[in-house]
*Asks:* 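Structure provided below as structure tokens; questions to follow.
These numbers come from the heavy atoms of this one structure, side chains and all, not from hydrogens, waters or symmetry mates. For this chain, numbers begin at 1 and follow the sequence in order. Since the structure is predicted, the reported quantities are computational estimates derived from the model, not experimental observations.
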Amino acid sequence: MKKVFVLLLAVAVLVPTVAFLGVAQPKCVPQCSEEPKEMPREPIEASAEFKGGQIQAGGLKPIELEPNQEVIFGLPQGTKTVVITAGDGDLTYRLTKVVGIGARATRTEITSGVVAAKQTVTVNVPAFDRAKQESIEISVTAGTKKTSVTLTFQGAPANETVLPRVAVELEIANNGPAEVNYEVKDALNRTVKNAGKDVKGTVKAGEKAVVGIEESLGPNRILQISTKGDATVDIKIFFEQIPQPAELYKGIYATTSISRPRTLNPITATDTASTLITDRLHDTLLDGPLGAETGAIAASFEVTPDRKTVTYTLRKGVKFSDGTPITSEDVRFTFENLIYPTEIATSTRDILYCAGGKDLPKVKVIDERKISFTCDRPSNLVPFPYTGFVEILSKKNILKLAPNVEKSPKDFNNVYGVNTKPEDIVGAGPFKLSKIDPNTVVEFVRNPYTFRVDEKGNQLPYIGGIRILIAPTQGQELALQLFRNGQTDFLNPRPADIAILQSDKAAGKLPINDDIDSGQSAGGTEFWVVSWTAKNPTLRAAFANKQVRQAFSHATDRASVVKNIRLGLGQELYGHFNPTSPYFIERPGQKKEVLDRWEKVKRRFDLKKAAEILDSLGIKDVNGDGIRDIPANFKNDFGPQNNPAGPFKFELNTNVGNTLREEMIKLIASDLKKIGVEVTAVPKDFAALVDQLTVGDYEAILIGLTGGIQPQGGANVYTCGGNLHFWNVNAGPNCEGATEDEKKLDELYKRGLAETDEAKLREIWDEAQIVFTDAQMYISISVGNALAAFRTDTIRNHARAPLGNQLFLFCKGGRCRGG
């Protein structure tokens, strides 16, 4: 499960859950995000012509099937017959009645048969009632020869198009001239959601809509299309595949991490290099995105009408990877003994506080399988759903490794270090750790006790294992080399790598996807930050001055970063919200007065203004050596300081191996030198940087943060007492050591946690962005496009994010390049 709080990011990559600040990443296909999920194969296509709103012609175009490939459709209610036409090879079909929803549904075969090559068969469909959770599926499987199938559904409503059960995305193109309305509904006639929003809308003439669909293995779905006038509609249906028996549980998927992990502890981890590992080993009570949660370890959950209490009921028979049962006591122990104690350094605690930000949810064990969390005040997010997105650990295993942790909580900070033996780590996730060398490689095998299965009863995950090759110094260069050599299956390339990869493909050396650039913004933020607690008292005095940091913003050439370093594949960033967030201040429809205030605080690139600000503060070159000097007793946001005078020069670090960031720190250093500030650009090991950042022992660092759509998930960074409040680590839990700007931001985040009115929430987050950016608590730079390259000849069901879709990932033919 992706962390629900913000993490330090080693490289600007495609974050599977896109948008800003702290949403849970599902372990299921598809990605629960608004990013296109381009499949590595041709989609199913359909077309329809509407005359006065009535369909005149249509149906699915021929579907290309690989040998032994299966595709399953749920039928619209009212379907009388299905006409099946085979292509160049034989097909088998099976008509099945389904009663119920999901894996617990009962399935009864109605009929089955064979369609010979280039022949047609008509299959009768019995009546069924969707309102009673009844549905009919038809599955079609190719024989040993590549072929195609054409399906015609007769008797179904004229404006409905069936979707394959594993459809994950639709592309609906309106060729005009009328507007087209679309809506995707499930077997119970409910509108399907994606990222918490209904999958429905309007497509104007000459335009198209690309929409994702959640729960690819969920209930039958129907696409309904209507129009008031004449229209021609083309539909592309992207879908996931179900592996054949020979492909189940075989092959090892391989990828690369350019940074070494700092810990294997999922609760204390603050960096993505660590959670890349821990996310495979542990599971949570719930799955799915905020607003569309589904059960995971918990089979179900109930929220009281006042939203003060959430009660979870655990699945029967659910176990940890060592075979021991998961009980409510494990859940209670995880929260009360491993997260709540202030002696434990965790960002999880920061996002669990009830409205008001003072109290944590009260935990009550009701019985072995039932547990509740209660807050005294209602909140829009707590205690539900964030309590559902916390990794549940084994009490038995933790007490084995830290016997005194219930009396001495600080002992947990050292549990699950990178040198822990793989067999000593117990979790409920889809994989178990089998090997780790934190400097070279991490390997996983399937957890034999995972509770997750697909609708056919196949235990998940499909893949046999995962290998993560670690390149802590050679970084992106080595990652590219390993991918080109066939040693890995997936790569988040740099912009300059795209031409190299396309050349390899054109030469027949590398079968990869064409759409490496998604055109969408990657999640999170990238920025540089100065420490208000730096050891050098002169720098410490200057860095804690808001006007100095505003000058730094004027000296940050974001346009050059985007144009020359990201090669145009990105956009400038001025605040701490990612542009994909619905709360991003520059969203469509924003008030002019808000945008006017925003423009004033952005402090665009202007070296002349940067120099003028420093001059006005008395930071001038007093000895003619070309370097400005910081005056003694310099006044900053805390008041006059007792610092000696000294030259304005400092070291700017970023993580070694990330060549994009290495170029960025060189650019920033070069521009600051033009105005008399001497900066030395020095790349360092990522894990070491994170260690320095979290204790405030640095001068300046360029780094990134992950993110999701809920700003409250950033409480661990943006509240005074947050575990990752890295620019001023002395701010204190009650803002006793904070500036006035930090106090304002802290209060806005606490108000945002308690507010349930959407309009007021938008006002709160608008103000938070203005306060943060005016103070330049860190200097945002840019966000790149989500870039993803993958082998089209090896891996399937990854939807551009193989580690995000780990459960349904499988190797074509049972063997990946890393196997």
*Asks:* Quick check: does any side chain N or O of Arg107 sit under 3.5 Å from a backbone N or O of Val98, one acting as donor and the other as acceptor?
*Replies:*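 No, because the side chain of Arg107 does not come within donor-acceptor range (under 3.5 Å) of the backbone of Val98.
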
*Asks:* If I take atom CG from residue Asn175 and atom NZ from residue Lys208, how far apart are they, to the nearest 0.5 angstrom?
*Replies:*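 One gets 11.0 Å once the value is rounded to the nearest 0.5 Å.
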
*Asks:* How long is the straight-line distance from CG of Leu276 back to CD1 of Ile468, given to the nearest 0.5 Å?
*Replies:*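 Separation between the atoms: 4.0 Å.
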
*Asks:* Could you check whether any side-chain N or O of Thr792 sits under 3.5 Å from a backbone N or O of Asn513, counting only pairs where one atom can act as donor and the other as acceptor?
*Replies:*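 Answer holds: no.
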
*Asks:* Taking all atoms of both residues into account, what is the closest heavy-atom pair of Ala789 and Pro493, and its distance?
*Replies:*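 For Ala789 and Pro493, the tightest heavy-atom pair comes out as N-CD, 3.9 Å.
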
*Asks:* Checking Asn447 side chain against Tyr449 main chain: does a donor-acceptor pair fall under 3.5 Å?
*Replies:*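 Yes: the side chain of Asn447 pairs with the backbone of Tyr449.
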
*Asks:* Tell me whether Lys505 is salt-bridged to Asp514, with the criterion being a basic N under 4.0 Å from an acidic carboxylate O.
*Replies:*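 Yes, this pair counts.
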
*Asks:* May I ask you to decide if the ring planes of Phe790 and Phe490 are parallel, tilted or perpendicular, using 30° and 60° as cut-offs?
*Replies:*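 Parallel: the ring planes of Phe790 and Phe490 meet at under 30°.
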
*Asks:* Is there a donor-acceptor pair under 3.5 Å between the side chain of Thr141 and the backbone N or O of Asn68?
*Replies:*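 It does not hold such a pair.
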
*Asks:* Taking side chain as C-beta onward, heavy atoms only, is Val149 less than 4.5 Å from Tyr93?
*Replies:*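 No. Closest side-chain heavy atoms not under 4.5 Å.
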
*Asks:* Quick one, Arg796 with Glu247, criterion salt bridge (charged side-chain N to carboxylate O under 4.0 Å, His left out). Give me CA distance, side-chain angles, the key distance, then yes/no.
*Replies:* CA-CA 11 Å; Arg796 291 289 184 267; Glu247 295 173 310; over 6 Å; no

*Asks:* Could you tell me whether the side chains of Thr311 and Glu302 share a donor-acceptor contact shorter than 3.5 Å?
*Replies:*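 The criterion, which ignores hydrogens and geometry beyond distance, is not satisfied for Glu302 and Thr311.
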
*Asks:* Can you see which heavy atom on Ile795 is nearest to which on Cys816, and at what distance?
*Replies:*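 Heavy-atom minimum between the residues: CG2-SG, 3.6 Å.
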
*Asks:* So among Tyr253, Tyr249, Phe808, which one has a ring-ring contact (aromatic ring centres under 6.0 Å, His included) with Tyr462?
*Replies:*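 So the option named by the test is Phe808.
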
*Asks:* Looking only at heavy atoms, what is the nearest atom pair of Ala296 and Arg452, with distance?
*Replies:*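 In terms of heavy atoms, the two residues are closest at CB-NH2, 3.5 Å.
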
*Asks:* Between Arg280 (side chain) and Pro430 (backbone), is there a donor-acceptor pair under 3.5 Å?
*Replies:*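 A pair under 3.5 Å: no.
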
*Asks:* Looking at Phe128 and Ser135, what are the two nearest heavy atoms and their distance?
*Replies:*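 Looks like CD1-CA, 3.8 Å.
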
*Asks:* I'd like to check the side chain to side chain donor-acceptor pair (under 3.5 Å) partners of Ser321; sequence neighbours left out, ordered by chain and number.
*Replies:*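 None.
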
*Asks:* Judged by atom type as modelled, is there a donor-acceptor pair below 3.5 Å linking the side chain of Glu134 to the main-chain atoms of Lys97?
*Replies:*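 A pair under 3.5 Å: no.
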
*Asks:* Indicate the atoms forming the closest heavy-atom contact of Pro177 with Ala205, along with that distance.
*Replies:*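 That closest heavy-atom pairing would be O-CB, 3.2 Å.
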
*Asks:* Decide side chain to side chain contact (heavy atoms under 4.5 Å, CB included) for Leu285 and Leu314; before the verdict, give the C-alpha distance in whole Å, the side-chain angles of both, and the deciding distance to 0.1 Å.
*Replies:* CA-CA 8 Å; Leu285 294 170; Leu314 307 190; 3.6 Å; yes

*Asks:* Determine whether Ile463 and Cys811 satisfy the following criterion, side chain to side chain contact (heavy atoms under 4.5 Å, CB included), listing intermediate values before the conclusion.
*Replies:* CA-CA 7 Å; Ile463 199 78; Cys811 296; 3.2 Å; yes

*Asks:* So, Thr85 and Thr120: side-chain donor and acceptor under 3.5 Å apart, yes or no?
*Replies:*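 On atom types as modelled, these side chains qualify, holding a pair under 3.5 Å.
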
*Asks:* Within the 3.5 Å criterion, strictly below it, is a donor on Thr191 or Glu183 matched to an acceptor on the partner's side chain?
*Replies:*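 Yes, Glu183 and Thr191 have a side-chain donor paired with an acceptor closer than 3.5 Å.
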
*Asks:* For the side chain of Gln119 and the backbone of Ala86, is there at least one donor-acceptor N/O pair under 3.5 Å apart?
*Replies:*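 Judged by distance alone, no pair lies under 3.5 Å.
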
*Asks:* Could you check whether Asn124 and Thr81, counting side-chain N and O atoms only, form a donor-acceptor pair closer than 3.5 Å?
*Replies:*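 Judged by distance alone, the side chains do not pair up.
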
*Asks:* Between Thr227 and Glu179 (side chain of the first, backbone of the second, donor and acceptor by atom type, cut-off under 3.5 Å), is there such a pair?
*Replies:*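 Side chain of Thr227 to backbone of Glu179, a donor-acceptor pair under 3.5 Å: yes, one is there.
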
*Asks:* Tell me which donor-acceptor pairs under 3.5 Å the side chains of residues 108-118 have, and how far apart each pair is, sequence neighbours excluded?
*Replies:*
from: Glu109; atom 1: OE1; to: Arg94; atom 2: NE; distance (Å): 3.0
from: Glu109; atom 1: OE2; to: Ser112; atom 2: OG; distance (Å): 3.1

*Asks:* Counting N and O atoms only, with roles assigned by atom type, does the side chain of Asn174 sit under 3.5 Å from a partner on the main chain of Val203, one being a donor and the other an acceptor?
*Replies:*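 Checked: pair present.
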
*Asks:* Supply the atom-to-atom distance Ile136 CD1 to Thr79 OG1, rounded to the nearest 0.5 angstrom.
*Replies:*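 Spacing of CD1 (Ile136) from OG1 (Thr79) equals 9.5 Å.
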
*Asks:* How close do Tyr182 and Thr202 get, counting heavy atoms only, and between which atoms?
*Replies:*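 Closest pair (atom of Tyr182, atom of Thr202, distance): CE2-N, 3.9 Å.
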
